[in-house]
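Atoms within a ligand are numbered from 1 in the order they appear, just like the ligands themselves. For reference, positions follow the sequence shown, starting with 1.
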Amino acid sequence: MNPDILELFPEGTAVDADRGLTVGGVALAEVADRFSTPAYVVDEAGLRARIRRYQQALGAGWPDSRLVFASKSFPCVAAYRLMAQAGIGVDVAGLGELAAALRGGVEGRNLVLHGNAKTSAEIEMAVAAGVGLVVVDNFDDIDRLEHAVEQAAQHTAEHTAAGRQDVLVRVLPEVRADTYEAVATGQKGSKFGLPLDQVPRAIERIRAGAHLRMAGVHTHVGSQILDVEPFAAAVRALAGLGEFETYNLGGGLGARYTYTDHPPEPEEWIGAIIDTARRHLPHSARLMIEPGRSLVARSGVTLYRVVNVKRGDRVTVAVDGGMADNMEVALYGQRFEATLVDRVGGGERVDIVGRHCESGDRISSGVTLRAPRVGDVVAVPVTGAYCHTMANNYNGALKAPVVFCADGEAREVVRRETLGDFFARDTSEWIDGS
Ligand SMILES: *Cc1c(COP(=O)(O)O)cnc(C)c1O
């Protein structure tokens, strides 16, 4: 048995001699039986504890600071509710995320709207919801927002009283982080934000308008970053732009997916940002960070059932999910470890592949499973971020449920998609026989 396997699973994971792997006191084999597979399991208490860790590290280092959850990494109403209960801010980058956040009970003032191509409809909805901050990405964004706030002011007396919409300017810091090409966002030529030399003009435009208030600057250098230097470099890049009330330094801390990954702990990441901020930013400023992946990845586990085992030069274990529930392998070549839930760790070297019609549809390559057979339940750890959110219907897959486990109880917070859901958007005139 690989002794490290539990280090990749949620904090609330244990191995029970009779029940196998448990999360939050619930046996994963029972979750698979009750809710079927594939299924996403979340260690609810572990997630809450992790949020508190970030809050404490941030609050201890910088008094006027704010933790914001980058919700695109795990947007379901239950997750928004949990974040609202924790009292942290929430990033949204689209109409659906904004609507789900409000539905989950996140207050408008705790929301931050992002996006490199926000539509007018999104901006109008955000303004109507009273979002705390809009992060403007480009000059058209500024014009569109100015117009939307003006329109809203004409319709509601309340907004006239509230005055202006607070905005941050997204800055492209020209910092290249060592991560997958697809998730690097801070380098020269990135589609996100304004180049440093255009920022002063954007600030001028915001200040000249009647409906916006220049609250500060924002930057985000990428995702799955495994060292702290790019974050420090981004802070230094912002410092050269002048003094502001708010600095939002983005997310991007990497998660530990495999035994060989050694990302900084959240405290190290936050500590490095704060050290650099102390040296370069006004001490009275408000500091925001917006982690997604590193906050939620480890709290999630995906369960699959083995459909067949092919034994040849290699052992290939095919399961009942794949790139419809986890796009990370196909998108960036992310590596995942795995284990059987009732025979934890160790065994023979196998490749775990999905059920979809692409050779790139793999889940874990070269991991060890103990004598895998048809019907076994496989658990893939570190799937709490960017899996549920990128779920799709490829090959007619019905999207998997999300099950929160805590105190020995399993709660299905998102149910599995049904064929009814699957057909709901096909207009009725095409239904056979009608
Ligand atoms: C995606 C994103 C984040 C979160 O990134 P993680 O790597 O998930 O921590 C934060 N801020 C912005 C603007 C983002 O686009």
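- Classification of Glu412 and Arg34 as a salt-bridged pair fails, no side-chain N sitting under 4.0 Å from a carboxylate O.
- Near ligand 1, residues Ala70, Lys72, Asp91, His114, Arg170, His218, His220, Ser223, Gly251, Gly252, Glu290, Pro291, Gly292, Arg293, Tyr386 each place a heavy atom inside the 4.0 Å sphere around the ligand atoms.
- Residue pairs meeting the side chain to side chain donor-acceptor pair (under 3.5 Å) criterion with at least one member in residues 75-95, sequence neighbours excluded, are Arg48-Gln85, Ser71-Tyr80, Asp91-His114.
- Between Glu11 and Arg50 there is a salt bridge, with a side-chain nitrogen of the basic residue lying less than 4.0 Å from a carboxylate oxygen of the acidic one.
- One finds no salt bridge joining Glu174 and Arg236 here, because no Lys/Arg side-chain nitrogen approaches an Asp/Glu carboxylate oxygen to under 4.0 Å.
- For the side-chain contact (heavy atoms from CB on, under 4.5 Å) test, residues two or more places apart in sequence or in another chain that qualify with Asp166 are Leu133, Arg213, Ala215.
- A salt bridge (Lys or Arg N to Asp or Glu O under 4.0 Å) check over residues 316-337, counting only residues at least two apart or in different chains, returns the pairs Arg293-Glu328.
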